[in-house]
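What follows is a set of notes on a single structure, which appears directly below.
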Amino acid sequence: GGDAGAGGDSGGGDGDLISVGFSQVGAESGWRAANTKSIQDTLTEENGFDLSFSDAQQKQENQIQAIRSYIAQGVDVIAFSPVVESGWDAVLEEAKAADIPVVLTDRSVDSQDETLYESFIGSDFVLEGETAGKWVVDNLGSEPLNVVELQGTTGAAPAVDRKAGFESAIEGNPNIKIIASQTGNFTRTEGRQVMEGFLQANPDIDLVYAHNDDMGLGAIEAIEAAGLQPGVDIKIVTIDAVKDGMQALVDGKINYIVECNPLLGPDLADIIKDVVAGNPVEKRIVVEDKAFDQAAAAEALPTREY
Ligand code: GZL
């Protein structure tokens, strides 16, 4: 008969599947749905994974609870997208003490101790904000422009960085002024509600800068309800480039979209296999993003994956 099986256990029990505990932010946006699909479609049994997946409804305490349960379960690897940047050191120390490697996807943490995670796979959100701001300067900066900003979730890396990037891109142009800025928590509903408030308080809004398509789509509803034409009376620039946003861009209701690629499943799978095999991994993997005006969106939409 066969021997007891030489060599180390690659984790995940005798089926030599790699057990992964993934804590997802929530299901707040079209981007998140595409990101979840990419992870669940890639970390499958036939690809060598036993995936445990949890949705935190955008609450940090739910993510910390999920990570603690994965530690108790003794998974081989923990991966998550931190809903906000801060407040992770304690639970990441617990994972480290349990000798369970952690991989960050999409959003990062502001922990000073970089040994708390193996790698961070995600877009450059500052660059996304700069790209959006540069388009505004290049296309609308020649005359006074009142901007209202729909921020993402307070304290989330994409919200912090997209705000900083946009501000740095417009700071040299005295015509462009951010006259109001508030969080819409990356959701369509809250984006609409905040935009309704902006419209009541500010009679002369020229442009909406929304940190994601979903809040931009909510702003469109509020602008139309106010009898104004989105994309014409009030211009709109957003980030993500998910299908619904790209359709609004083709329809002329949004003027420019900076992409944020949600298809992180394949990179995550590769990193996890390298970590489990003990191979060196890049600390930071930057996902490339494109940007779309109306013509580019019309071209890309038919074959868009998300
Ligand atoms: C960005 C991601 C953001 C998206 C939003 O990587 O964290 O969260 O831009 C999503 O649509 O809610």
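Read the numbers this way: they start at 1 and go in the same order the structure lists the ligands and their atoms. Side-chain atoms are counted along with the backbone in the values below, which use heavy atoms only and exclude waters and symmetry mates.
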Worksheet item: Near ligand 1, which protein residues have a heavy atom under 4.0 Å away?
Response: Glu28, Ser29, Trp31, Arg32, Asp106, Arg107, Phe125, Pro158, Arg162, Phe186, Asn212, Asp240, Cys260
Discussion item. Check this for me: does any side-chain nitrogen of one of Lys243 and Glu305 sit under 4.0 Å from a carboxylate oxygen of the other?
Written reply: no
Discussion item. Is the terminal nitrogen or CZ of Lys134 (NZ for Lys, CZ for Arg) located under 6.0 angstrom from the six-membered ring centre of Phe166 and within 45° of that ring's axis?
Written reply: no
Practice prompt. Would you list the pairs meeting side-chain hydrogen bond (donor to acceptor under 3.5 Å, both in side chains) in which at least one residue belongs to residues 221-238, sequence neighbours left out?
Written response: Arg192-Glu221, Asp213-Thr238, Glu224-Lys253
Worksheet item: Does the pair Glu149 and Lys163 meet the rule for a salt bridge (charged side-chain N to carboxylate O under 4.0 Å, His left out), with working shown?
Response: CA-CA 9 Å; Glu149 181 181 26; Lys163 181 172 186 40; 2.8 Å; yes
Worksheet, complete the sentence: Heavy-atom closest pair (Thr105 atom, Pro82 atom, distance to 0.1 Å) is O-CD, 4.2 Å
Discussion item. Checking side chain to side chain contact (heavy atoms under 4.5 Å, CB included) between Val102 and each of Ile78, Ile67, Val77, Leu116, which is the one that passes?
Written reply: Ile78
